[in-house]
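What follows is a short report on a single structure.
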Amino acid sequence: MIDYNALAIFIPTFFFVSITPGMCMTLAMTLGMSVGIRRALWMMLGEVIGVALVAIAAVIGVASVMLKYPDIFAVIKYLGGGYLAYIGIQMWLSKGSMTITNEAQSNVNRLNLFNQGLFTAISNPKGWAFMISLLPPFINIDHNLTPQLTILVVIIMISEFVCMMVYASGGKTLRVFLSKGDNVKLMNRVAGSLMVGVGVWLAWG
């Protein structure tokens with residue numbers, strides 16, 4: 001049984017953390033601009049699953065082991081960050097499947113979008129550290145862990161999804177604004193720069 005008074009504190013606290021600009025939110029905004037909200041949903045799916053896995057691992061203690069061995073993160077971080085930066089450079093050069101065009105994007109690989117969200121969430125050490133510090137105080141050790149963790153994880157996933165939708169909608173709005181002058185190259189450079197920024201942030205954040 002979960003403490004509903006604690007839950008009333010947890011919900012706004014985590015929502016505030018989620019809505020704060022970060023790697024995943026910047027990625028959502030970038031994809032909202034480049035491939036549209038509907039396609040960006042695949043990245044969001046990967047991200048919320050990744051965040052859920054991190055939250056579960058934090059509670060059962062896996063995260064504490066991971067943080068003791070930062071080399072485990074290093075390979076994933078650098079590979080993931082490099083991949084995102086590569087996509088950003090391709091967009092800057094108006095190349096690749098994620099390049100913004102005047103036509104609807106339909107050829108973006110859904111698995112690639114899903115993996116972007118999943119690996120960005122899992123390979124963020126700050127996310128692990130945050131889950132370790134935030135979640136345990138809301139777990140009552142006198143009650144069954146499973147239902148408590150289930151409720152908290154569902155809240156986390158909903159908060160992340162809602163916040164990413166807000167950012168993706170902002171990206172779509174930015175695309176509409178920039179496309180008024182049919183300045184596709186500028187849109188690609190803005191989106192590409194954001195993607196490179198996320199990649200660098202992931203690798204060295």
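Since the structure is predicted, the reported quantities are computational estimates derived from the model, not experimental observations.
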Least distance between heavy atoms, [X] atom then [Y] atom:
X	Y	answer
Asn144	Thr146	OD1-N, 3.2 Å
Ala121	Val54	O-CG2, 3.9 Å
Cys24	Thr120	SG-CG2, 3.8 Å
Leu27	Gln116	CD1-OE1, 3.9 Å
Ile156	Ala55	CD1-CB, 4.0 Å

What pairs of residues pass the side chain to side chain donor-acceptor pair (under 3.5 Å) test when at least one of them lies in residues 154-163, not counting sequence neighbours?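 Counting only pairs at least two positions apart or across chains, the side chain to side chain donor-acceptor pair (under 3.5 Å) contacts touching residues 154-163 are Ser18-Glu160.
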
Determine whether Leu118 and Glu47 satisfy the following criterion, side chain to side chain contact (heavy atoms under 4.5 Å, CB included), listing intermediate values before the conclusion. CA-CA 5 Å; Leu118 180 68; Glu47 197 274 348; over 6 Å; no

Does a side-chain heavy-atom distance below 4.5 Å link Asn112 with Met43?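 Not touching, per the 4.5 Å side-chain cut-off.
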
Side chains of Leu31 and Arg39: does their closest heavy-atom pair fall under 4.5 Å?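 No - every pair of side-chain heavy atoms lies 4.5 Å or more apart.
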
Taking distance alone, no hydrogens or angles, what donor-acceptor pairs closer than 3.5 Å link side-chain atoms of residues 161-170 to residues at least two apart or in another chain?
{"residue": "Tyr167", "atom": "OH", "partner": "Ile19", "partner atom": "O", "Å": "2.7"}
{"residue": "Ser169", "atom": "OG", "partner": "Met165", "partner atom": "O", "Å": "2.8"}

List in chain and number order the residues that pass ring-ring contact (aromatic ring centres under 6.0 Å, His included) with Phe10, two or more places apart in sequence or in another chain; answer none if no residue qualifies.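 Testing Phe10 for ring-ring contact (aromatic ring centres under 6.0 Å, His included), a comparison that skips the adjacent residues, returns Phe14, Phe138.
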
Leu7 vs Ile155, test: side chain to side chain contact (heavy atoms under 4.5 Å, CB included). Steps then yes/no. CA-CA 10 Å; Leu7 197 61; Ile155 291 172; 3.3 Å; yes

Go through it in stages, so that I can follow the logic: the residues are Leu113 and Asn109, the test is side chain to side chain contact (heavy atoms under 4.5 Å, CB included), and I'd like the CA-CA distance, side-chain angles, deciding distance and then a yes or no. CA-CA 7 Å; Leu113 292 172; Asn109 189 301; over 6 Å; no

I'd like to know whether Val59 forms a side chain to side chain contact (heavy atoms under 4.5 Å, CB included) with Met131, so could you lay out the CA-CA distance, the side-chain angles of the two residues, the decisive distance to 0.1 Å, and finally the verdict. CA-CA 8 Å; Val59 172; Met131 291 297 182; over 6 Å; no

